[in-house]
Every structure is written in C-alpha cells, then in structure tokens.
Amino acid sequence: MSTSDEVEDSSAPLIEHLAELRTRLIRAVLAFVVGIILAFIVAEPILEFLLAPIENTLRDLGDPNPTLQYTSPQEYLFTLFRISMVFGFILAFPVIAFQLWRFVAPGLYKKEQGAFLPFLIASPVMFLLGASFAQFVVTPLAMSFFLGFADVSSIFTGMLATVAGNIAPPDGLPPTGGLLADPATTSDGVRITFFGKVNESLDITLKFIIAFGMCFQLPVLLTLMGKAGLVSADGLGAVRKYAMVGILLLAALVTPPDVITQLILFTVVYGLYEISIFLVRRVEGKREDKLREEGYYDDDEEEFDDPLMKEFDEDEGK
C-alpha cells in the first residue's frame, strides 16, 4: 500500500488549515455553551447530589435537619454557575473530542488513527470511574473523618434548639427555662459549632472528583506512551519502588489526614500502575509479533560472530 493511500488527502494551504481550526473551535465553544445552559437548568439537583455525602454524615451523627449556608448574596448563584461550568464541559466533551479528532485525523496514517481513537474513548470513561469512586467512596469517608470528631457539640446544640422551640414552657418560666436550657447560653467555655458554607463544602467534593478522575487516567496515559515507545514495561517495573513513594506522597496531598482514606487512594492508584505495566507489556508483545511477521525478528537466526566481542569475552573470562 502506497503512502498516498494510507494518508488522507490533505494538501490544503495554511489558510485553509487555519479556517478549519477556526470552524472546529467555534463548534467546540458552542457545544460548551449549550452544555453550560443545560447543566444550569439542573444545577440545584446536581448540587444536592454532590453534597449528599455531607448530608448523610450529619444525619448519621444525629442531626435531624442538616443545613448549609451562604454568607453573601451572590455566593449561591456563583456556586450554581460553577457547577454549570464543570458539568457543562462534561456534557460537551464528546463534541469537543470529536472536533479535535476531525482536525488531527487527516494528518495521521490509517493505522495511527486506529491506535489513537481507543484512547480518546477510554479517557472519559476512566475519568467517570474515578469521579464515581471519589463521590461514593472517598468523599463519604473524608466527611466522616472531618465531622465525626468535630461536630458532636453542634449536633447536640441543634437538637436542643429544636426541642426547646417545639415545647411550650410551663407558666411562670422564661421561654428557654426549665429542663432545657438555652442552647445559645453556656458557662463551660466557647461552644464550637459547624455552620457549613455551600461553596466551601462543594469545593472539597469537586477537588476529590477531579483528583481521582485524573488519577484514573494513569493506565490510559502510560499505555499511550508505551504504544509510542516512550516507556517500557521493564522500565516501569524497575522504578516501581519510586512509584510507590510518589503515590504515597500523592495520597498525602489530595486526601485528608486520615490513614484509611490515604490507604484507599494508595491501593487504587498503585493497582492502576500495575495494570498499566500489564497493558504496556501487551502493547510491546503485539508490536514484536508484528515485527516478527514482517521479518525484522528471527528467533532462529544464528548469533552474529563478532571477533572483537569474542576477544572481549575471552579477556573477561581470564
């Protein structure tokens, strides 16, 4: 097969390439804007979904009415807009990726197109897996750690306030008198309570989602680098101990100071690293099989007799 058959006809001048790039960018931006609008329509249910780990943790601690607050008039609107930006990009990613693919595909060989396309599909799938793991496993554990030991007094205060507000005091007693003292009044020092802010609570959840989504890209990235010949399975295996140290540092940076959460992240990312080594080894095996079929490898070929190497080996033997 000739080179002209393998490469798509793309002899357009620079101006036409720039016009093509402009068209692809406009379509990608329009898809992003449409995604933002669609995400903003359902931004409040998305916010409730993202804050569900905090709500469930507070309920488990005994708070019958979990509440988060915002302290400036524009804060809640900007929080919804932030959600719209993130999830709008997620909704528009298939269109953006398709426009990117349509721009670069004409400059690739047919076999290169077939090799690159699976990675373009696997990347968002792995990101969604990582984001789901963060939302349903890591964030609940982190919230349990943060609120489990710090929010007992505020939960107790809220319960007393609710009971005190619903029970009418006997005649002759002040509104907060009797067996239920005013929860806002204490003689035992400063009462520390939890008044969670919407944007700060959302920030923790989004950081976990982005961090784990990016960590789950490890097999895709390393496999693509292995296919390009930039890394090898033996090389990745040789630096395994350094990778373990790096993963431990990553777990300490992106997770709360909770040993359980850090061990979960380390186990998951290190497992992905081992999967990457396996995938790179498979890529190398397929490449060697193809080269062997084309005659570049010959297992039965006799060893090349080099007099200089033979003399060197004899000297080493002495």
Side-chain angles (χ1 to χ4, degrees), residues 1 3 6-8 10 17 20-21 24-25 27-28 31-32 86 89-134 208-251 253-254 265-294 296-297:
M1 182 180 294
T3 304
E6 290 185 352
V7 182
E8 295 184 7
S10 181
H17 284 300
E20 176 72 10
L21 176 61
R24 300 299 177 186
L25 288 176
R27 292 177 180 176
F32 184 39
V86 174
F89 178 79
I90 294 175
L91 291 175
F93 181 81
V95 178
I96 296 175
F98 178 75
Q99 297 301 321
L100 174 64
W101 170 252
R102 290 301 302 164
F103 180 73
V104 302
L108 300 176
Y109 289 97
K110 294 292 184 181
K111 59 181 181 180
E112 292 175 340
Q113 294 180 13
F116 182 72
L117 186 58
F119 295 98
L120 193 62
I121 298 175
S123 181
V125 172
M126 295 300 297
F127 184 88
L128 289 177
L129 288 177
S132 300
F133 182 80
F208 280 136
I209 289 176
I210 294 174
F212 277 84
M214 296 303 296
C215 288
F216 272 62
Q217 300 295 312
L218 185 63
V220 179
L221 177 62
L222 291 181
T223 305
L224 184 60
M225 293 176 65
K227 202 169 186 65
L230 300 177
V231 297
S232 65
D234 293 335
L236 293 176
V239 299
R240 183 180 281 109
K241 57 183 179 181
Y242 302 106
M244 293 177 66
V245 175
I247 294 171
L248 284 173
L249 293 176
L250 176 67
L253 291 175
V254 303
L265 178 60
F266 171 79
T267 303
V268 171
V269 177
Y270 182 73
L272 293 173
Y273 185 80
E274 292 294 337
I275 292 174
S276 302
I277 295 177
F278 172 75
L279 294 175
V280 172
R281 184 169 284 112
R282 286 196 60 185
V283 168
E284 291 175 344
K286 291 182 179 179
R287 184 191 303 125
E288 291 179 2
D289 292 340
K290 185 174 181 180
L291 291 176
R292 188 173 289 108
E293 291 176 359
E294 295 176 355
Y296 291 98
Y297 285 168

Q: List for me each residue that meets ring-ring contact (aromatic ring centres under 6.0 Å, His included) alongside Tyr270, sequence neighbours excluded, and say none if there are none.
A: Phe266
Q: For Phe133, enumerate each residue passing the ring-ring contact (aromatic ring centres under 6.0 Å, His included) test, keeping only those at least two apart in sequence or located in another chain.
A: Phe212
Sub-4.5 Å side-chain heavy-atom contact between [X] and [Y]:
X: Leu250; Y: Cys215; result: yes
X: Thr223; Y: Val283; result: yes
X: Lys241; Y: Val245; result: no
X: Leu248; Y: Met244; result: no
X: Arg240; Y: Ile277; result: yes
X: Leu25; Y: Gln99; result: no

Supply the atom-to-atom distance [X] [atom1] to [Y] [atom2], rounded to the nearest 0.5 angstrom.
X: Leu279; Y: Leu222; atom1: CG; atom2: CG; answer: 9.5 Å
X: Tyr242; Y: Ile247; atom1: OH; atom2: CD1; answer: 15.0 Å
X: Leu218; Y: Tyr273; atom1: CG; atom2: OH; answer: 8.0 Å

Using every non-hydrogen atom in the two residues, find where [X] and [Y] come nearest and quote the distance to one decimal.
X: Ser123; Y: Gln217; result: OG-OE1, 2.6 Å
X: Val280; Y: Ala233; result: CG1-N, 3.5 Å
X: Val95; Y: Arg27; result: CG1-O, 4.5 Å

Q) Do Glu20 side-chain atoms and Phe103 backbone N/O form a donor-acceptor pair below 3.5 Å? A) no
Q) So which of Leu129, Val269, Val125 actually passes side-chain contact (heavy atoms from CB on, under 4.5 Å) with Phe216? A) Leu129
Q) Among all residues two or more places apart in sequence or in another chain, which pass the salt bridge (Lys or Arg N to Asp or Glu O under 4.0 Å) test with Arg282? A) none
Sequence neighbours excluded, which residues qualify as side-chain contact (heavy atoms from CB on, under 4.5 Å) partners of [X]?
X: Ala97; answer: Phe93, Leu120
X: Phe98; answer: Arg102
X: Ile96; answer: Ala28, Phe89, Ala92

Q: Check whether more than 12 heavy atoms from other residues, nucleotides or ligands sit under 6.0 Å from atom CE of Met225, and answer yes or no.
A: yes
